[in-house]
A.B. asks: 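I'd like to ask some things about the structure below.
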Amino acid sequence: MCGRTACSLAADNLRRACAYRDRRGQHRQPEWVRRERYQPSYNKGPQSSGPVLLSRRHLHQDADSSERVLMDMRWGLVPSWFKQPGLDNSSKLQFNTSNCRSDTMLSKSSYKDALLKGKRCVVLADGFYEWQQQSGGKQPYFIYFPQTKDAMDKEMEGDKEWKGWRLLTMAGIFDCWKPPGEGEMLYTYTIITVDASKDVSFIHHRQVRPGQGVVGMPAILDGDEAISKWLDFAEVPTQEAVKLIQPTENIVFHPVSTFVNNIRNNTPECVAPIELGAKKEVKATPGNKVMLGWLKSSQEGSPQKKENNLPKWTSQFIHAPSHKKTSTDVLQQWLGKQGQPAAKKRKA
């Protein structure tokens, strides 16, 4: 499952990191919607808000569906059809919908209705946390895309191309709930989860737990082509888009301090690598200093040149998961049963 993430980039840098090419091949940056609500964090949990990408057509019906907007939404999907008599305060809505299992997203009404209406989004993060059960407790890990040394080079704000940290892009579903009366519209999202890839299965492999269902890892969209297909609901029907939902092997991870276990802790130490077997504290190494320095400067917005390369953390103690029916198998089986024609394309 995905129960905690980090997204530490300042608002302007986050927008630059989400640059893309539209249908005409033009280089663009997504428009910020409700930018003032966004708060960078090294320790985001459900019910907090976070940045997501979505098609601009969801907000403007005459917009090109390939255009994107960047929006701050609350984590934990509230279906648009939800009604609770006497409830007029959205903060009291407590839904256990922070994660959506890929093998049930087309059967559960909380997700199916929004998904079939094209309400697809991409949840943005530096990476996410996962915990490995051990005899002495749970050991947290930080999981993210492989980075290059350019991710540590703080270029000037005027540079056109973003060369900083590559954001993790996770497939999500969003919805909009209107409270009774004149209350403000509430935008919420959920992260789709799939079976854990073999590289991270040893940390928290997907398994059935009594009363808790199945846990796994986020469905990661690797590359702008996958992101474009997932977001462009007018050109890519649901049956085609869900084929993108599958595990990826293109991720790396490192162990971090149990400091991150407390949701109130929100500093760069949450993501700093530690050495297993040593005390669970941030160990001052050249590699750690580089990462911490980049994260601090990314939030402060002060350009700094880093000369060290990004340390390459490797997966250790990997165990191959046992063969079983995966969520991808279930999803493909569902697709094979569908005899309905693909959704009609909407013209921009």
Side-chain angles (χ1 to χ4, degrees), residues 1-7 33-34 37-38 41 43-55 58 69-84 90-125 127-130 143 167-178 185-196 204 206 209 212-221 226-227 229-231 233 238 241-242 244-248 263 327-328 330-331 334:
M1 62 180 296
C2 181
R4 213 76 71 78
T5 66
C7 192
V33 177
R34 306 197 304 182
R37 300 190 181 204
Y38 169 67
S41 174
N43 203 351
K44 286 182 178 290
Q47 301 304 315
S48 66
S49 63
V52 303
L53 289 172
L54 63 152
S55 170
H58 286 297
V69 295
L70 185 57
M71 191 172 184
D72 194 69
M73 295 187 185
R74 199 174 83 177
W75 185 4
L77 189 138
V78 178
S80 59
W81 45 259
F82 175 75
K83 292 182 180 180
Q84 184 172 330
S90 62
S91 66
K92 296 180 180 179
L93 288 169
Q94 298 295 327
F95 271 77
N96 186 24
T97 53
S98 55
N99 290 166
C100 166
R101 288 168 46 186
S102 60
D103 48 2
T104 61
M105 65 183 179
L106 286 163
S107 59
K108 289 192 174 183
S109 58
S110 295
Y111 312 116
K112 178 181 178 180
D113 295 350
L115 187 58
L116 293 180
K117 290 178 181 178
K119 295 181 178 179
R120 310 192 297 252
C121 66
V122 173
V123 182
L124 303 169
F128 69 97
Y129 300 99
E130 191 56 273
I143 304 172
L167 293 171
L168 196 67
T169 43
M170 301 172 283
I173 303 170
F174 79 93
D175 212 339
C176 182
W177 181 78
K178 187 180 186 306
M185 301 287 279
L186 175 67
Y187 284 88
T188 60
Y189 70 89
T190 183
I191 297 175
I192 299 174
T193 60
V194 294
D195 299 295
H204 201 170
R206 190 166 188 171
R209 289 184 173 180
Q212 297 184 31
V214 183
V215 294
M217 66 178 289
I220 297 170
L221 300 169
I227 293 173
K229 289 181 178 180
W230 182 251
L231 293 180
F233 70 100
T238 303
V242 294
L244 298 167
I245 304 303
Q246 53 188 309
T248 180
I263 191 67
S327 59
T328 303
V330 175
L331 198 56
W334 181 90

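We number each residue from 1, following the sequence as shown.
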A.B. asks: Which pair of non-hydrogen atoms, one from Met170 and one from Ala125, has the smallest distance, and what is that distance?
C.D. replies: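 Where Met170 meets Ala125 most closely, the heavy atoms are CE-CB, 3.8 Å.
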
A.B. asks: Does some side-chain heavy atom of Pro51 sit less than 4.5 Å from a side-chain heavy atom of Cys7?
C.D. replies: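 Yes - at least one pair of side-chain heavy atoms lies under 4.5 Å apart.
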
A.B. asks: I'd like to know whether Leu54 forms a side chain to side chain contact (heavy atoms under 4.5 Å, CB included) with Met73, so could you lay out the CA-CA distance, the side-chain angles of the two residues, the decisive distance to 0.1 Å, and finally the verdict.
C.D. replies: CA-CA 11 Å; Leu54 63 152; Met73 295 187 185; 4.0 Å; yes

A.B. asks: Might you point out which heavy atoms bring Cys100 and Thr190 nearest each other, and give the distance in Å?
C.D. replies: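 In terms of heavy atoms, the two residues are closest at N-OG1, 3.4 Å.
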
A.B. asks: Between the side chain of His58 and the main-chain N/O of Val69, is any donor-acceptor distance below 3.5 Å?
C.D. replies: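 Answer holds: no.
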
A.B. asks: For the residue pair Trp230 and Thr169, establish whether any side-chain heavy-atom pair is separated by less than 4.5 Å.
C.D. replies: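 Sidechains of Thr169 and Trp230: no contact.
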
A.B. asks: Atom NZ of residue position Lys117 - does it have more than 12 heavy atoms of other residues, nucleotides or ligands inside 6.0 Å?
C.D. replies: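 No, the 6.0 Å shell around NZ holds no more than 12 heavy atoms from other groups.
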
A.B. asks: Answer yes or no: is there a side-chain heavy-atom contact under 4.5 Å between Leu116 and Leu106?
C.D. replies: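 Of all side-chain heavy-atom pairs linking Leu106 with Leu116, at least one is under 4.5 Å.
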
A.B. asks: Mind checking the OG1-CD1 spacing from Thr104 to Ile192? Nearest 0.5 Å is all I need.
C.D. replies: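 Spacing of OG1 (Thr104) from CD1 (Ile192) equals 10.0 Å.
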
A.B. asks: Which pair of non-hydrogen atoms, one from Leu168 and one from Gly127, has the smallest distance, and what is that distance?
C.D. replies: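 Result for this residue pair: CD2-CA, 4.0 Å.
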
A.B. asks: Tell me, with the steps shown, if Leu70 and Leu53 meet side chain to side chain contact (heavy atoms under 4.5 Å, CB included).
C.D. replies: CA-CA 5 Å; Leu70 185 57; Leu53 289 172; 3.8 Å; yes

A.B. asks: Any side-chain donor-acceptor pair under 3.5 Å between Thr193 and Asn99?
C.D. replies: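 No, Asn99 and Thr193 have no side-chain donor paired with an acceptor closer than 3.5 Å.
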
A.B. asks: In Å and rounded to the nearest 0.5 Å, what is the CG to OG1 distance from Asn43 to Thr5?
C.D. replies: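 So the CG of Asn43 and the OG1 of Thr5 are separated by 8.5 Å.
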
A.B. asks: Side chains of Leu244 and Lys229: does their closest heavy-atom pair fall under 4.5 Å?
C.D. replies: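 In contact.
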
A.B. asks: Side chain of Ser98, backbone of Pro46: donor and acceptor closer than 3.5 Å?
C.D. replies: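 No.
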
A.B. asks: Out of curiosity, Gln47 CD to Thr188 OG1, how far, rounded to the nearest 0.5 Å?
C.D. replies: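 Rounded to the nearest 0.5 Å, the CD-OG1 separation comes out at 9.5 Å.
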
A.B. asks: Would you name the heavy atoms of Met217 and Asp195 that are closest together and state the gap between them?
C.D. replies: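 Closest approach of Met217 to Asp195: CG-O, 3.7 Å.
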
A.B. asks: Do the non-hydrogen side-chain atoms of Val242 and Met105 ever get within less than 4.5 Å of each other?
C.D. replies: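 Side-chain contact under 4.5 Å: yes.
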
A.B. asks: Side chain of Arg120, backbone of Leu231: donor and acceptor closer than 3.5 Å?
C.D. replies: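 Absent.
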
A.B. asks: For the residue pair Trp177 and Ser80, what are the closest heavy atoms and their distance?
C.D. replies: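 Heavy atoms only, the tightest pair is CD1-O, 4.0 Å.
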
A.B. asks: Look at the side chain of Arg4 and the backbone N and O of Tyr129, then say whether any donor-acceptor pair between them is shorter than 3.5 Å.
C.D. replies: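 Between the backbone of Tyr129 and the side chain of Arg4 there is no qualifying donor-acceptor contact (under 3.5 Å).
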
A.B. asks: When you compare the side chain of Lys119 with that of Asp175, does any pair of heavy atoms fall below 4.5 Å?
C.D. replies: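 Side-chain contact under 4.5 Å: yes.
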
A.B. asks: Do Val52 and Leu124 make a side-chain contact, defined as non-hydrogen atoms from C-beta onward lying under 4.5 Å apart?
C.D. replies: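 No, too far: nothing below the 4.5 Å cut-off.
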
A.B. asks: Looking at Arg74, is its backbone amide N or carbonyl O close enough to the side chain of Ser49 to form a donor-acceptor pair, meaning the two atoms are under 3.5 Å apart?
C.D. replies: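 No, Ser49 side chain to Arg74 backbone: no donor-acceptor pair under 3.5 Å.
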
A.B. asks: Rounded to the nearest 0.5 Å, what separates atom CG in Leu77 from atom OG in Ser110?
C.D. replies: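 Between atom CG of Leu77 and atom OG of Ser110 there are 7.5 Å.
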
A.B. asks: Could you tell me which non-hydrogen atom of Ala114 sits nearest to which non-hydrogen atom of Ile173, and how far apart they are?
C.D. replies: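 Shortest heavy-atom separation between Ala114 and Ile173 comes out as CB-CG2, 3.7 Å.
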
A.B. asks: Angle between ring planes, Tyr189 versus Trp75, binned at 30° and 60°: parallel, tilted or perpendicular?
C.D. replies: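 Ring orientation of Tyr189 relative to Trp75: parallel.
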
A.B. asks: Would you say that Val78 contacts Thr97 through its side chain, given a criterion of any heavy-atom pair below 4.5 Å between the two side chains?
C.D. replies: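 A side-chain contact is absent here, since even the closest heavy-atom pair is not under 4.5 Å.
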
